[in-house]
Visitor: 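Encoded as structure tokens, here's the structure I'll be asking about.
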Amino acid sequence: MELLTDSPRVRSNSTSSSASQGSKAKTVLRQRLSQLLTCIEDMSSDDEASEEVSRTLEEAFQLCGRFIPTDAFRIHIVTWNVATAEPSEDATSLLQLDAQPPPDLYVIGLQEVNATPVRFITDLISEDSWSHVFTNSLAPRGFVKVTSVRMQGLLLLLFAKQIHLPYIRNIQTTYTRTGVFGYWGNKGGVSVRFSFYGHMICFLNCHLAAHMNNALQRVDEFEYILETQDFDIYDTPQIRDHKVVFWFGDLNFRIADHGLHFLRSSINSGRLNLLWGKDQLIMMKKKEAFLQEFEEGPLNFKPTYKFDRNSDTYDTSTPKTWLGLKPLQLCGTTLFLLLTSLTWVLLSEWLGTWFWMLDLPSGKKRKPAWTDRILWRIKPKPLPSEEDDEKASTSTDEEQDEYPVLVTQDKYTSDMSYGVSDHKPVIATFSLELRKVFDTPLVRVSPVGIWSAGQDALLTYSVLEDFMSSTWDWIGLYKVGFKTASDYETFVWVRENELPEINEVIQISVDKGQIPLLGGQYVLGYYSTNMQSITGLSDSFQILESKRAVMEGLVPEDINGVNK
């Protein structure tokens, strides 16, 4: 049995809750083994002893399955304050596209995306430039954009491998403003939550208050976000109700007390550990109980703020004044600014964010800091009440551990190769080990026979489990490598009048005029309007190239093996 406890599946976890789970598992397993050995020693030919051995063995193996997750997934998280810059076309390094094994989920949180009035309206009509680059980089590798949420300059994107789409359910997004007394969205948090194989997960991207002396305000803003963001899910109405939470963004915590010379000397010599004790977030975690629930890997990468753009050199700007004014001239403009600031606040909801996104010169060089961070939290076990006896408490713990989750951080670093912003992007990769609560889709959908644009095609679908289906649900035909749920070649509605029974096989015809002329690999996906997600995917299948494609000149004619 020691071989089971030392299995590669059981990996050390950075969180105290997961460590206690593993310790408890080993203790209980040893107790069951001790009972088993005693039974074997006392075993006789009577049936009672045999039954006792069988029962104890069964309990031991059940405990093994309960505490040892059976599936592991990789999560790749990026946070980056892009400082209104436009993206580079090459996202290979940022997304580590050549990593093996590849991630299962990509989560990208950006801050200060360009949100000027004209640009913001344009992005509402079509995809913003950052989403476009990430989507085009990931789609050819089999990743689909599941959802996104934006609040002015804050943007959060979620991508998943195509095979996981039917098991990502109950997707919801929301946001919280904290700028200008909670009325303006230049600061705050955006989040996306969903069920992943039955486990509730939440990703939260934040941009908190700036400047050295606002550490307490940053903590208050984060606590406010945790307490006020609500989801329309009965068992996880708030962020902290989720089993796993990932918190990241430009959290703006600085390095206190140390002077600029000591900071740069420590960074240049690689003695980053000398700065950890004065990092404001690390210090705040010692004081605030709710922050202690969040774990973070060691800061073994250089502070990611503030850099000269297009370089890996920290801010070398010389003292300057806003809009080129000298100090006395600037003082003369103070009254004008005070009179106009209220007008800007009133117009901000209509005019956009550019005024609040300005990075006004401070007149001095900014000290380097780890402003950009990625943390995570596993939901702590509830403390037993005084009224609960030991037996009831143990039973409750075992029920919670029936589907355990282990989170291990594999990498936590920055990428110095990107220089379009004065921040460097921060990257973290995680192993998420869990037991699936379910492993079957809600709907099974399949093509029937050969598909070609020369003839009508057939498909079938069956609802395998009761869910909030609708007559507005539809089945889309997707080319392998599709980008989003709306990136279909064509679609058909499901039943018009009544919903199908469980396991009832429904057959639908697809008009030949709607089938792509060009051949290729395709999949069928059942889209749930109520759940806002794909709840069933077919295996990939071949659509044959139509003769019409040759006639219309879409492909060259093949004569005796030679293209003409």
Side-chain angles (χ1 to χ4, degrees), residues 4 6-15 18 22 65 68-80 90-109 133-147 157-169 192 194-199 201 203 243-244 246 248 295 297-298 300-301 374-376 378 403-415 417 425-441 478 480-484 521 523 534 537 539-540:
L4 287 175
D6 292 335
S7 166
R9 287 287 185 186
V10 184
R11 297 168 55 181
S12 60
N13 181 20
S14 302
T15 62
S18 295
I68 300 177
T70 57
D71 293 279
F73 304 91
R74 290 175 55 81
I75 302 176
H76 184 103
I77 299 179
V78 175
T79 179
W80 191 9
D90 185 6
T92 302
S93 177
L94 190 63
L95 300 176
Q96 299 178 355
L97 295 176
D98 299 324
Q100 293 297 329
D104 296 277
L105 300 175
Y106 276 99
V107 184
I108 302 165
V133 167
F134 291 129
T135 302
N136 286 349
S137 298
L138 291 170
R141 295 173 180 263
F143 289 89
V144 179
K145 189 173 83 170
V146 177
T147 189
L157 302 164
L158 170 64
F159 296 86
K161 273 185 180 178
Q162 178 183 306
I163 59 173
H164 299 312
L165 294 181
Y167 310 103
I168 298 176
R169 305 173 186 174
V192 55
F194 54 92
S195 164
F196 186 66
Y197 291 94
H199 296 268
I201 301 178
F203 293 91
K243 183 171 286 187
V244 182
F246 292 94
F248 47 91
E295 298 290 329
N300 287 327
F301 53 91
I374 300 174
L375 299 90
W376 74 97
I378 291 182
Y403 296 100
V405 170
L406 300 178
V407 175
T408 305
Q409 188 177 68
D410 301 318
K411 180 181 293 185
Y412 191 30
T413 187
S414 62
D415 193 329
S417 65
V426 171
I427 300 167
T429 59
F430 295 89
S431 294
L432 176 66
E433 297 179 78
L434 53 82
R435 288 189 65 209
K436 296 176 181 177
V437 179
F438 53 79
D439 58 4
T440 56
Y478 297 93
V480 171
F482 67 97
K483 299 176 181 179
T484 66
Q521 291 292 318
V523 295
I534 293 175
L537 277 176
D539 295 332
S540 64

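Here the structure is a predicted model, which is why all the values come from computation and not from measurement.
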Visitor: Decide if the gap between the ring center of Phe430 and the ring center of Phe246 is smaller than 6.0 angstrom.
Guide: yes
Visitor: For Thr147 and Phe194, what are the C-alpha separation, side-chain angles and deciding distance, and is it a side-chain contact (heavy atoms from CB on, under 4.5 Å)?
Guide: CA-CA 10 Å; Thr147 189; Phe194 54 92; over 6 Å; no
Visitor: Hey, mind stepping through Ile201 and Leu432 against side-chain contact (heavy atoms from CB on, under 4.5 Å) and telling me if it holds?
Guide: CA-CA 11 Å; Ile201 301 178; Leu432 176 66; 3.7 Å; yes
Visitor: Not counting sequence neighbours, which residues clear side chain to side chain contact (heavy atoms under 4.5 Å, CB included) with Asp539? List them please.
Guide: none
Visitor: Would the distance check show the side chain of Tyr478 and the main-chain N or O of Leu537 forming a donor-acceptor pair, the cut-off being under 3.5 Å?
Guide: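 No: the side chain of Tyr478 does not pair with the backbone of Leu537.
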Visitor: So do the side chains of Leu105 and Val146 get within less than 4.5 Å of each other, counting heavy atoms only?
Guide: no
Visitor: So do the side chains of Lys145 and Leu157 get within less than 4.5 Å of each other, counting heavy atoms only?
Guide: yes
Visitor: Taking it one step at a time, do Asn136 and Lys483 satisfy side-chain contact (heavy atoms from CB on, under 4.5 Å)?
Guide: CA-CA 8 Å; Asn136 286 349; Lys483 299 176 181 179; 2.8 Å; yes
Visitor: Identify the two heavy atoms, one from Ala160 and one from Ile168, that lie closest to each other, and give their separation to 0.1 Å.
Guide: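 The answer is CB-CD1, 3.5 Å.
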Visitor: Before you tell me yes or no, could you show the steps for Lys243 and Leu434 under side-chain contact (heavy atoms from CB on, under 4.5 Å), namely the whole-Å CA-CA distance, both residues' side-chain angles and the distance that decides it to 0.1 Å?
Guide: CA-CA 11 Å; Lys243 183 171 286 187; Leu434 53 82; over 6 Å; no
Visitor: Which atoms form the tightest heavy-atom contact between His199 and Pro404, and what is the distance?
Guide: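 Looks like CE1-O, 4.1 Å.
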Visitor: List the atom of Ala91, the atom of Val133, and the distance in Å for their closest heavy-atom pair.
Guide: CB-CG1, 4.3 Å
Visitor: For Thr429, give me all partners under side chain to side chain contact (heavy atoms under 4.5 Å, CB included), at least two apart in sequence or on another chain.
Guide: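 So Thr429 forms a side chain to side chain contact (heavy atoms under 4.5 Å, CB included) with Arg74, His76, Gln96, Asp410, Lys411.
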Visitor: If the condition is side chain to side chain contact (heavy atoms under 4.5 Å, CB included), which residues does Ser417 pass it with, not counting sequence neighbours?
Guide: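 Ser417 satisfies side chain to side chain contact (heavy atoms under 4.5 Å, CB included) with Ser93, Asp415 once adjacent residues are dropped.
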Visitor: Given side chains that start at C-beta, do those of Val426 and Tyr412 come closer than 4.5 Å, heavy atoms only?
Guide: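 With C-beta onward as the side chain, the pair touches.
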Visitor: Could you tell me if the side chain of Gln162 sits less than 4.5 Å from the side chain of Val523, heavy atoms only?
Guide: yes
Visitor: So which heavy atom on Gln409 is nearest to which on Gly297, and how close?
Guide: OE1-CA, 3.2 Å
Visitor: My understanding is that only residues two or more places apart in sequence, or in another chain, count here; which of them pass ring pair (Phe, Tyr, Trp, His ring centres under 6.0 Å) with Phe196?
Guide: Phe73, His164
Visitor: To the nearest 0.5 Å, what is the distance between CD1 (Ile108) and CG (Leu94)?
Guide: 7.0 Å
Visitor: Going by ring pair (Phe, Tyr, Trp, His ring centres under 6.0 Å), name the residues that satisfy it together with Phe248, two or more places apart in sequence or in a different chain.
Guide: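 By the ring pair (Phe, Tyr, Trp, His ring centres under 6.0 Å) rule, Phe248 matches no residue at all.
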Visitor: Drop me the distance from Ile427's CD1 to Leu95's CG, to the nearest 0.5 angstrom.
Guide: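 So the gap between those two atoms works out to 8.0 Å.
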Visitor: Looking only at heavy atoms, what is the nearest atom pair of Arg169 and Thr440, with distance?
Guide: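 Shortest heavy-atom separation between Arg169 and Thr440 comes out as NH2-O, 3.1 Å.
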Visitor: Looking at Lys161 and Pro102, what are the two nearest heavy atoms and their distance?
Guide: NZ-CG, 3.8 Å
Visitor: So, taking the atom named CD1 in Ile75 and the one named OH in Tyr106, what distance separates them when rounded to the nearest 0.5 Å?
Guide: 12.5 Å
Visitor: List for me each residue that meets ring pair (Phe, Tyr, Trp, His ring centres under 6.0 Å) alongside Phe159, sequence neighbours excluded, and say none if there are none.
Guide: none
